[in-house]
Amino acid sequence: MRVIFTLILLLSALNLQNVFAENLNTPDNKEVTSMIQSQNIAFEDCTKMFAVNKEKLFYLTLGAISANNFSVDEIQTSNGYVIFSAANNKYLATIAGIDSANSILKITPCNNVYFFPSGILINMFKYIDINLHTEIK
């Protein structure tokens, strides 16, 4: 009787383990994993245009760095760039104005090795998109 009970418990535990393992391999978790694992990033993916002036994009970039808990290493307001640290690397965020209503943000690794987590770019760009129409105070 004990042997049968032990076998039933063992099979139940194995079945639960398989259920939990299947849940870890859902598409959402694969997407999150790909965002935090280092991977080759195309240079073109490091640049995004925003329909906002250069000054506002600069402040939104600083907000995105802060919101993502990255640390600011250097700020140069006159040239429009910020050097920040994330995932054990330093990145250069360069803001350039196209015209009075449009600007470009380019985020590149300072060591020119384009093998880093894509979440750094995705989260920065997403924060700016979400807060694009908020008032800067």
Side-chain angles (χ1 to χ4, degrees):
M1 187 69 159
R2 279 186 159 180
V3 173
I4 294 174
F5 183 71
T6 306
L7 283 174
I8 291 172
L9 283 176
L10 181 63
L11 290 174
S12 299
L14 288 174
N15 191 29
L16 284 176
Q17 184 179 8
N18 289 337
V19 168
F20 288 126
E22 288 174 12
N23 288 339
L24 291 176
N25 292 324
T26 62
D28 291 338
N29 285 338
K30 287 180 183 177
E31 183 179 315
V32 168
T33 301
S34 70
M35 287 178 54
I36 59 174
Q37 288 182 340
S38 294
Q39 56 189 298
N40 287 320
I41 305 294
F43 177 77
E44 297 80 30
D45 295 336
C46 296
T47 305
K48 186 169 180 178
M49 188 176 102
F50 295 95
V52 67
N53 66 35
K54 179 181 173 181
E55 181 181 357
K56 185 169 183 178
L57 183 57
F58 182 80
Y59 289 117
L60 286 169
T61 302
L62 288 174
I65 291 168
S66 177
N68 284 291
N69 294 321
F70 302 151
S71 62
V72 175
D73 297 322
E74 184 178 335
I75 298 174
Q76 181 60 254
T77 56
S78 61
N79 293 328
Y81 75 81
V82 180
I83 296 176
F84 65 95
S85 297
N88 298 321
N89 286 321
K90 291 185 184 278
Y91 298 89
L92 173 66
T94 308
I95 298 95
I98 299 172
D99 56 30
S100 62
N102 296 295
S103 301
I104 291 178
L105 172 60
K106 180 173 65 171
I107 301 171
T108 55
C110 290
N111 63 1
N112 285 330
V113 176
Y114 288 81
F115 187 77
F116 59 90
S118 64
I120 293 170
L121 298 173
I122 293 167
N123 290 339
M124 292 280 291
F125 293 153
K126 188 180 290 186
Y127 176 90
I128 293 169
D129 280 332
I130 290 170
N131 294 290
L132 200 60
H133 301 292
T134 59
E135 185 180 343
I136 304 292
K137 296 181 182 181

With the side chain counted from C-beta on, respond yes when Phe43 and Thr108 share a heavy-atom pair under 4.5 Å apart, and no when they do not.
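Yes, their side chains come closer than 4.5 Å.
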Could you tell me if the side chain of Met124 sits less than 4.5 Å from the side chain of Thr61, heavy atoms only?
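They are in side-chain contact.
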For the backbone of [Y] and the side chain of [X], can you confirm whether one donor and one acceptor N or O come within less than 3.5 Å of each other?
X      : Y      : result
Asn79  : Tyr81  : no
Lys106 : Leu92  : no
Asn131 : Thr134 : no

What are the two closest non-hydrogen atoms of Lys54 and Ser78, and how far apart are they?
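For Lys54 and Ser78, the tightest heavy-atom pair comes out as NZ-O, 4.3 Å.
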What verdict does the side-chain contact (heavy atoms from CB on, under 4.5 Å) test give for Phe50 and Asp129, after you've listed the backbone C-alpha separation in whole Å, the side-chain angles of each residue and the deciding distance to 0.1 Å?
CA-CA 8 Å; Phe50 295 95; Asp129 280 332; 3.3 Å; yes
Atom [atom1] in [X], atom [atom2] in [Y]: separation rounded to 0.5 Å?
X      : Y      : atom1 : atom2 : value
Ser103 : Asn53  : OG    : CG    : 6.0 Å
Asn123 : Asn68  : CG    : CG    : 5.0 Å
Ile65  : Tyr127 : CD1   : OH    : 10.5 Å
Lys56  : Glu135 : NZ    : CD    : 8.0 Å
Ile98  : Ile104 : CD1   : CD1   : 3.5 Å
Ile75  : Leu62  : CD1   : CG    : 5.0 Å

Run the ring-centre check on Tyr91 versus Phe70 and record whether the distance is less than 6.0 Å.
no
Might you confirm whether atom OH of Tyr59 has over 12 heavy atoms from other residues, nucleotides or ligands at distances under 6.0 Å?
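Count not over threshold, so no.
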Counting only heavy atoms not in Asn88, do more than 12 sit closer than 6.0 Å to its CG atom?
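Atom CG in Asn88 is not packed in, count stays at 12 or less.
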Same cluster (ILVMFWY, side-chain, under 4.5 Å), [X] and [Y]:
X      : Y      : value
Ile130 : Val52  : no
Leu121 : Val72  : yes
Leu132 : Ile95  : yes
Phe115 : Ile41  : no
Phe125 : Tyr114 : yes

side-chain contact (heavy atoms from CB on, under 4.5 Å), that's the test. Do Phe84 and Ile120 meet it? Break it down for me.
CA-CA 11 Å; Phe84 65 95; Ile120 293 170; 4.3 Å; yes
